[in-house]
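Scroll down for the structure; my scribbles are underneath it.
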2 protein chains.
Amino acid sequence: MNVYLHKNAMHTKTEKQRQIIEAAIELIAEKSIQQLTIKNLAKKLGVTDGALYRHFNSKIDILLGILHMFQAEARENLEQVKKSRLPALQQFEDIFLYRLKYFTQRPAVAAVIFSESIFQNDVRLTRAVNEFLTMHEDTLRIIIERGIRKGEIRKGILIDETIYITIGSMRYLVTRWRLKGRDFDLYEKGVQLLGNLKELLKC
Amino acid sequence: MNVYLHKNAMHTKTEKQRQIIEAAIELIAEKSIQQLTIKNLAKKLGVTDGALYRHFNSKIDILLGILHMFQAEARENLEQVKKSRLPALQQFEDIFLYRLKYFTQRPAVAAVIFSESIFQNDVRLTRAVNEFLTMHEDTLRIIIERGIRKGEIRKGILIDETIYITIGSMRYLVTRWRLKGRDFDLYEKGVQLLGNLKELLKC
DNA sequence: CTTATGTAAGTAAACATTCACATACGGAAT
DNA sequence: ATTCCGTATGTGAATGTTTACTTACATAAG
């Protein structure tokens with residue numbers, strides 16, 4: 001294995017790196033992001049601590065690996081929806097539901113994306129979270145503007161505020177779901193929320 | 001000082017306890033919640049680590065002290081607004097702006113309230129954050145229901161979803177403000193957001 | 001004289017990271 | 001095929017740092 005290329009540059013990922021990232025995601029989902037330690041991760045993989053450092057330079061690089069994976073998948077969805085020539089409200093729904101499903105099926109994603117408070121001390125992690133959010137904001141803005149131009153979305157709305165409302169309400173819903181020990185059906189509640197949001201946008 | 005009463009029961013707080021809490025809030029605001037360590041806090045107060053343990057049993061008790069302080073102030077505001085016989089939309093605005101000002105003027109409040117990911121491993125902290133949120137949700141629900149009955153708020157709205165939208169969008173606005181290094185006027189943006197939210201509620 | 005408060009030094013645990021050494025493995029040379 | 005060698009991968013123990021927290025002792029105050 002070319003150490004330089006994979007451990008440092010990391011445009012692509014080796015099979016082992018993918019396995020480690022996958023185990024890390026599981027660990028976060030089962031325990032919590034606080035329990036994602038090198039020791040726990042190595043134990044889960046049945047290896048010793050040192051072995052992980054053959055594949056990643058640092059723990060932060062593992063976290064970045066997770067974030068980049070999510071980001072790549074999210075970007076694909078956003079681009080695909082943007083390209084589709086569906087009505088703006090349908091595109092809005094597609095993005096909303098895709099993300100909602102993702103949070104429901106992979107609770108670790110939410111755990112990571114919502115951990116700004118833990119990442120605060122690292123520039124790269126902060127930047128990655130920031131990019132993830134900005135990416136969603138930008139796509140929503142394009143879709144909403146297009147919808148307004150095509151007369152599918154109400155002209156009077158304030159775009160920035162609508163974006164904050166959309167992303168913020170989903171985030172809060174997921175936060176509540178997690179804080180309350182997942183005692184309600186996230187997807188169902190999310191669909192109701194979506195209905196409400198679409199009402200705001202409709203002409 | 002009666003150690004048992006103040007260190008353990010803590011219905012009231014001594015002057016020293018208040019000073020420590022105040023210093024902790026400042027520390028969080030200046031640095032971050034990650035930098036709130038016993039050592040840093042003691043240094044800020046010009047004492048040694050051990051001295052803090054004369055006033056609090058653990059670091060978690062200090063954090064709980066902060067949360068309880070915020071909670072008490074928030075509760076006072078919520079109760080006062082609820083008692084006032086102002087129109088529902090005005091009450092909604094009062095609560096929204098009170099909280100927005102609080103976040104603007106005391107950024108540490110947001111840092112603490114938004115740190116669920118860090119608190120996950122402690123039951124008491126999780127519960128305190130939960131209570132804080134529930135308190136706001138409950139008050140908003142009462143105000144909105146009352147507004148609907150009095151014909152001041154649109155009948156068709158879904159109450160739960162509206163609450164998620166309100167709290168979620170403010171949280172996200174503050175999160176963005178913090179992540180972007182406070183590069184926009186939080187209060188101004190918040191007022192715009194409020195305008196948008198009031199539109200949803202209006203008949 | 002008793003109690004509250006502070007200090008200095010230390011403890012123990014958790015954590016990320018490193019390093020000297022061992023093994024496994026694939027291809028090249030014999 | 002067998003030997004040989006370089007590289008990739010893993011191990012076990014150790015390192016150094018950062019934590020919260022403790023304890024024996026001192027001082028101040030009422």
Side-chain angles (χ1 to χ4, degrees), chain A residues 1-10 12-21 23-24 27-28 31-66 115 117-125, chain B residues 1-10 12-21 23-24 27-28 31-66 115 117-125:
Chain A
M1 174 181 145
N2 184 329
V3 176
Y4 173 73
L5 202 102
H6 284 99
K7 273 185 69 184
N8 298 321
M10 283 206 299
T12 59
K13 294 222 165 50
T14 63
E15 183 52 32
K16 261 283 148 49
Q17 285 179 321
R18 263 189 292 271
Q19 280 174 23
I20 293 171
I21 289 177
L27 190 57
I28 293 170
K31 309 284 173 68
S32 75
I33 195 154
Q34 304 266 17
Q35 296 297 309
L36 179 67
T37 61
I38 296 293
K39 202 156 229 88
N40 287 346
L41 187 52
K43 202 191 293 170
K44 191 173 179 66
L45 286 157
V47 294
T48 53
D49 304 18
L52 299 184
Y53 287 90
R54 295 284 175 201
H55 303 282
F56 287 98
N57 282 320
S58 70
K59 184 185 164 180
I60 286 183
D61 284 298
I62 298 177
L63 279 166
L64 281 173
I66 299 178
S115 294
S117 51
I118 293 176
F119 297 167
Q120 256 169 355
N121 44 17
D122 185 89
V123 199
R124 288 186 299 160
L125 288 173
Chain B
M1 175 180 145
N2 185 328
V3 175
Y4 172 73
L5 201 102
H6 284 101
K7 272 185 68 182
N8 299 321
M10 282 207 298
T12 57
K13 294 224 163 51
T14 63
E15 183 53 31
K16 260 284 148 48
Q17 284 179 321
R18 264 189 290 273
Q19 280 174 23
I20 292 171
I21 289 176
L27 190 55
I28 294 170
K31 309 284 172 68
S32 76
I33 195 154
Q34 305 264 19
Q35 296 296 310
L36 178 67
T37 62
I38 296 293
K39 203 155 229 88
N40 285 347
L41 186 53
K43 201 190 293 170
K44 192 174 177 65
L45 285 156
V47 295
T48 55
D49 305 18
L52 298 184
Y53 287 91
R54 295 285 175 201
H55 303 283
F56 287 98
N57 282 320
S58 70
K59 184 186 162 178
I60 286 182
D61 285 298
I62 298 177
L63 279 166
L64 281 172
I66 298 177
S115 295
S117 50
I118 292 176
F119 297 166
Q120 256 170 352
N121 44 17
D122 186 88
V123 198
R124 289 186 300 160
L125 287 173

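By convention in this document, chain letters (A, B, ...) are assigned in the order of the sequence lines, proteins followed by strands, and residues within each chain are numbered from 1.
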[X] [atom1] to [N] [atom2]: how many Å, rounded?
{"X": "B:R54", "N": "D:dT22", "atom1": "CZ", "atom2": "C1'", "result": "10 Å"}
{"X": "A:Q34", "N": "C:dA13", "atom1": "CD", "atom2": "C1'", "result": "16 Å"}
{"X": "B:F56", "N": "D:dT22", "atom1": "CZ", "atom2": "P", "result": "15 Å"}
{"X": "B:L52", "N": "C:dT7", "atom1": "CG", "atom2": "P", "result": "10 Å"}
{"X": "A:Q19", "N": "D:dT9", "atom1": "CD", "atom2": "P", "result": "11 Å"}
{"X": "B:I62", "N": "D:dC21", "atom1": "CD1", "atom2": "P", "result": "8 Å"}
{"X": "B:N57", "N": "D:dT23", "atom1": "CG", "atom2": "P", "result": "13 Å"}
{"X": "A:K43", "N": "C:dA16", "atom1": "NZ", "atom2": "P", "result": "12 Å"}

Please compare A:G46 and B:Q35 by the position of their nearest nucleotide in DNA chain D and report the one closer to 5'.
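Closer to the 5' end of DNA chain D: A:G46.
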Earlier contact from the 5' end, DNA chain D, for A:K39 and A:V47:
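The answer here is A:V47.
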Taking side chain as C-beta onward, heavy atoms only, is [X] less than 4.5 Å from [Y]?
{"X": "A:I62", "Y": "A:Q17", "answer": "no"}
{"X": "A:L36", "Y": "A:K31", "answer": "no"}
{"X": "B:Q34", "Y": "A:I118", "answer": "yes"}

Whether [X] contacts [N] is assessed here as follows: a side-chain N or O lying under 4.0 Å from the phosphate OP1 or OP2. Is that the case?
{"X": "B:H55", "N": "C:dG6", "answer": "yes"}
{"X": "B:K59", "N": "D:dA20", "answer": "yes"}
{"X": "B:K16", "N": "C:dA4", "answer": "no"}

Looking at every heavy atom in both A:G65 and A:K13, which two are closest together, and how far apart are they?
CA-CE, 4.1 Å
With the side chain of A:T37 defined as its heavy atoms from C-beta on, choose the nearest nucleotide among C:dC15, D:dA20, D:dT11.
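My answer, after comparing the listed nucleotides, is C:dC15.
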Please tell me which of the listed nucleotides, C:dT17, D:dT11, C:dG6, lies nearest to the side chain of A:T48?
D:dT11
Using the rule side-chain contact (heavy atoms from CB on, under 4.5 Å), only one of B:I20, B:L63, B:I38 pairs with B:F56; which is it?
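Between B:F56 and the candidates, side-chain contact (heavy atoms from CB on, under 4.5 Å) is satisfied uniquely by B:I20.
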Once you apply a heavy-atom cut-off of 4.0 Å, does A:I38 come out as touching a base, just sugar-phosphate, or nothing?
base
